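What follows is a single structure, written as structure tokens, with notes after it.
Numbered from 1 within each chain, the chains take letters A, B, ... in sequence-line order. All values derive from a computational prediction rather than experimental measurement.
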Amino acid sequence: MAHAWTRVKRSWELYVLLLLPVLYLIVFKYVPMFGVLIAFKDFNIVQGILGSPWVGLKHFEALFRSPNFPILIQNTLLISLYSLAAGFPVPILLALALNEVRTGLFKRSVQLVTYAPHFISTVVMVSILILMLSPHVGIADRLYGLFGWTAPNFMGEPGFFKSIYVWSGVWQEMGYASIIYMAALAGVDPSLYEAARMDGASRLRKMLHIDLPALVPITVILLILSLGNIMGVGFEKIYLMQNPLNVATSEVIATYVYKVGLLGANFSFSSAVGLFNSVINLILLVAVNTISRRVSQNSLW
Amino acid sequence: MLRSRRIKEPIGDRMLVAAIYAALALVAVAVAYPLLYIVSSSFSSPRAVVSGQVWLLPVDFSLRAYASIFQSSQLMLGYWNSIVYTVVGTFLNVAFTVLMAFPLSQRRLAGRGFFMVLMMTTMFFSGGLIPTYLLVKELHLLDTRWAMWLPGVFSVFQVIVARTFFQTSIPAELQEAAEIDGCRDIRYLWSVVLPLSKPILAVLTLMYAVGHWNAYFDALIYLRSEHLFPLQYVLRNLLILNASDPEMLANTTKGMRDQGFEQALKYALIVVASVPVLVLYPFVQKHFAKGVMVGSLKG
């Protein structure tokens, strides 16, 4: 104890540095965590968070009974799983492929081009989608026309929403997401490649037995993080892509919380929805992490 | 001599490599084409855009769309606001990130584990949208510029990136030497660590700046006054909600509007909004890659 105190005294300036960021964490991160109490109350502005009456699980019951509930869960899960199934392997394949290419102009150009869409804002990304997919004037319509087909109204057709969302995401993020795998591949011990060559291994075998195993640790970590966030589909892009025609397949928990809570000023109910979502995410994260630690010795903590 | 020593690759390997090159070229074209198409459309005449003559390069080269954009005071104000949010916001972000990351990188900090847990918890659990909104409201930050800066003043992920850098790239002996010379922590950070940390400071600046420039969500939630709206918010109104800006259409005739002038305008808007980031990007590409890699090292 006395020893710890000397350490604190010797490095007191470090605590001065920490003061502002820690204050930020407490005010902007921990206070809202307690603000989540309003999910168990009937919040009204006049009485404030502490003064509003307790109502127990009323809002949660309302959520579970709501006819929207199964649709919300279904859309959220489907979009997440679809994104994961399509978006997760592509950057790995891209990194493996780029790793086979000799450093030079070609490799640098491919990297430059594929990373670029990452820097486009969500608003611009969705605008591009709408412009390209709009009936009559969009380029998709014209491509269909070349074959003599009539293009559907992509953004207005509920059945297309998830695919447009997911594949535009792959288009935008695959390059940037591949960087982390490239880093892992760069760290492979060159003597492994030499040994493989001595044994007469083909390139394909080398990729399968050296490169792929080298990617396993980072892949597992990223997979845990994505699975732990499976109910946390991003609000921004979905909200912008939504329109009255596709809302049946595009309404997810995050957009619902925003509409009911902020637009409808139904603070308590939408906090309950948000809390439900966070808790499921947390349980998933802990569960996936535990399983992974047992099975593969790779884990976040 | 050198050539004869190289073993010729087997046919299977050469075919694999050829297939990889072809696939990568295809991917690059698929990513680049939409971007090129947008730029070309923005420089084409509205009639060419709407009648579908643009495939690859501009048709009927025209700058009309751009001329109209710069007449819109709404858009120019949005541009200015975004610059303010980005410059001030990025400065605050980097400062807070360093303030948090540097002490956490020092082994002698008693309670380091506690501070780490305090910070990491917020990565996995948060109060959510509504409680955060109510907090910002309680603090009277709604509809002020501070609402754009304070609620996300640093990201836990970037703190971990910076902390990893401080731990791995700055030798601990420097601190011991500094201490013997009577240099305390704040001065050590300012005069020794920061000058050695330029690469990571560059990475943080770029990451945060791009985030600010591209953000619209905080504006959507916290801002009400038109004079505070950032560029992305204005763009959303014009491009996605299809609000038209009378100033932009001031010098156009009805005939022009019928010929799809607004359509051409949208392509130009996209270009104007994305240019600041995309022009900088090739120069900083290496830093971005480095930032991701530093973050991937386990600290």
Between CG on residue B:L24 and OG on residue A:S109, distance to nearest 0.5 Å = 11.0 Å
Take A:S134 and B:Q263, measure what side chain to side chain contact (heavy atoms under 4.5 Å, CB included) needs, and give me the verdict at the end.
-> CA-CA 11 Å; A:S134 62; B:Q263 196 74 11; 4.2 Å; yes
Okay, B:V17 and chain A: the region with an atom under 4.5 Å from a heavy atom over there is side chain
Using a cut-off of under 4.5 Å on heavy-atom pairs, state which of B:Y188, B:Y233, B:F102, B:Y267 scores highest against chain A.
-> B:Y267
Around B:R224, counting heavy atoms of other residues, nucleotides and ligands shown, do more than 12 lie under 6.0 Å from its CZ?
-> yes
Non-hydrogen atoms of chain A under 4.5 Å away: do they reach the side chain of B:W213, the backbone, both or neither?
-> neither
Go through the atoms of B:L129 and report whether side chain, backbone, both or neither lie under 4.5 Å from a heavy atom of chain A.
-> side chain
What part of B:E179 is in contact with chain A, defined as an atom under 4.5 angstrom from a non-hydrogen atom: side chain, backbone, both or neither?
-> side chain
Please state whether the side chain, the backbone, both or neither of B:L135 comes within less than 4.5 Å of a heavy atom of chain A.
-> side chain
Any B:K137 side-chain heavy atom under 4.5 Å of A:I45 side chain = yes
Between A:K29, A:E236, A:M207, which residue shows the highest count of heavy-atom pairs closer than 4.5 Å to chain B?
-> A:E236
Per-residue contact mode, B:I186 against chain A (heavy atom under 4.5 angstrom) = both
Approximate separation, where rounding is to 0.5 Å, of B:S274 OG and A:M125 CE = 11.0 Å
Against chain B, work out which of A:V126, A:L98, A:L225 has the most heavy-atom pairs shorter than 4.5 Å and name it.
-> A:L98
Against chain A, label B:A30 side chain, backbone, both or neither, depending on which of its atoms sit under 4.5 Å from a heavy atom there.
-> backbone
Measure distances from A:L263 to the heavy atoms of chain B and classify the residue's part below 4.5 Å as side chain, backbone, both or neither.
-> neither
Once the angle between the rings of B:F96 and A:Y24 is folded into 0 to 90°, is it parallel (under 30°), tilted (30 to 60°) or perpendicular (over 60°)?
-> perpendicular
Segment of B:T122 engaging chain A (4.5 angstrom heavy-atom cut-off) | both
Side chain, backbone, both or neither: which part of A:V101 has a heavy atom under 4.5 Å from chain B?
-> both
With chain B, which of A:L131, A:V110, A:T122, A:V36 has the greatest number of heavy-atom pairs at distances under 4.5 Å?
-> A:L131
Worked check of side chain to side chain contact (heavy atoms under 4.5 Å, CB included) between A:E13 and B:L189 = CA-CA 10 Å; A:E13 288 195 356; B:L189 169 65; over 6 Å; no
Highest number of heavy-atom pairs under 4.5 Å with chain A among B:V29, B:L134, B:T121 belongs to B:L134
Interface moiety of B:L99 toward chain A, non-hydrogen atoms closer than 4.5 Å = both
Atom OH of B:Y21 and atom CD of A:E100: how far apart are they, to the nearest 0.5 Å?
-> 9.5 Å
B:L231 versus chain A, heavy atoms under 4.5 Å apart: side chain, backbone, both or neither?
-> neither
Side chain, backbone, both or neither: which part of B:L220 has an atom under 4.5 Å from a heavy atom of chain A?
-> both
Given A:V31 and B:E138, is the side chain to side chain contact (heavy atoms under 4.5 Å, CB included) satisfied, shown in steps?
-> CA-CA 11 Å; A:V31 169; B:E138 283 295 301; over 6 Å; no
Start with the C-alpha gap between A:I139 and B:V54, add the side-chain angles, then the distance that decides, and say whether side chain to side chain contact (heavy atoms under 4.5 Å, CB included) holds.
-> CA-CA 9 Å; A:I139 190 158; B:V54 183; over 6 Å; no
Between CG on residue B:L35 and CD1 on residue A:I128, distance to nearest 0.5 Å | 6.5 Å
Tell me, out of B:I20, B:L16, B:L118, B:L239, who's got the most heavy-atom pairs with chain A below 4.5 Å.
-> B:L118
Quick one: which of A:F34, A:W12, A:Y15 has the most heavy-atom pairs under 4.5 Å with chain B, could you say?
-> A:Y15
Whatever's closer than 4.5 Å to a heavy atom in chain B on A:L20 counts as both
If every non-hydrogen atom of A:L25 is compared with every non-hydrogen atom of B:M100, which pair is closest and at what distance?
-> CD1-CE, 4.0 Å
Determine the minimum heavy-atom distance between B:S126 and A:M33, stating which atoms define it.
-> C-CG, 4.3 Å
If you take all heavy atoms of A:P32 and B:P131, which pair is closest and at what distance?
-> O-CB, 3.4 Å
Top contributor to chain A interface from B:P34, B:G12, B:A25 [non-hydrogen pairs under 4.5 Å] = B:P34
Under 4.5 Å heavy-atom distance to chain A, tell me which part of B:M120 shows up: side chain, backbone, both or neither.
-> neither
dist B:F124:CZ -> A:L282:CG (nearest 0.5 Å) comes out at 9.0 Å
A:L204 versus chain B, heavy atoms under 4.5 Å apart: side chain, backbone, both or neither?
-> both
Quick one: what part of B:L241 sits under 4.5 Å from any heavy atom of chain A, side chain, backbone, both or neither?
-> neither
Select, from B:F125, B:W55, B:Y133, B:F115, the one with the greatest count of heavy-atom pairs under 4.5 Å involving chain A.
-> B:W55
For chain A, the option from B:G128, B:A95, B:S41, B:A110 that forms the most heavy-atom pairs under 4.5 Å | B:A110
Considering only heavy atoms, which portion of B:Q106 lies under 4.5 Å from any heavy atom of chain A: side chain, backbone, both, or neither?
-> side chain
Spatial distance of atom CD1 (B:I240) from atom CG (A:L129) [nearest 0.5 Å] = 9.0 Å
Ranking A:L96, A:I120, A:L262 by heavy-atom pairs under 4.5 Å to chain B gives rank one to A:L262
If you count heavy-atom pairs under 4.5 Å between each of A:S202, A:P117, A:G261 and chain B, which one has the most?
-> A:S202
State, with a plain yes or no, whether a side-chain heavy atom of A:V16 is found less than 4.5 Å away from one of B:D185.
-> no
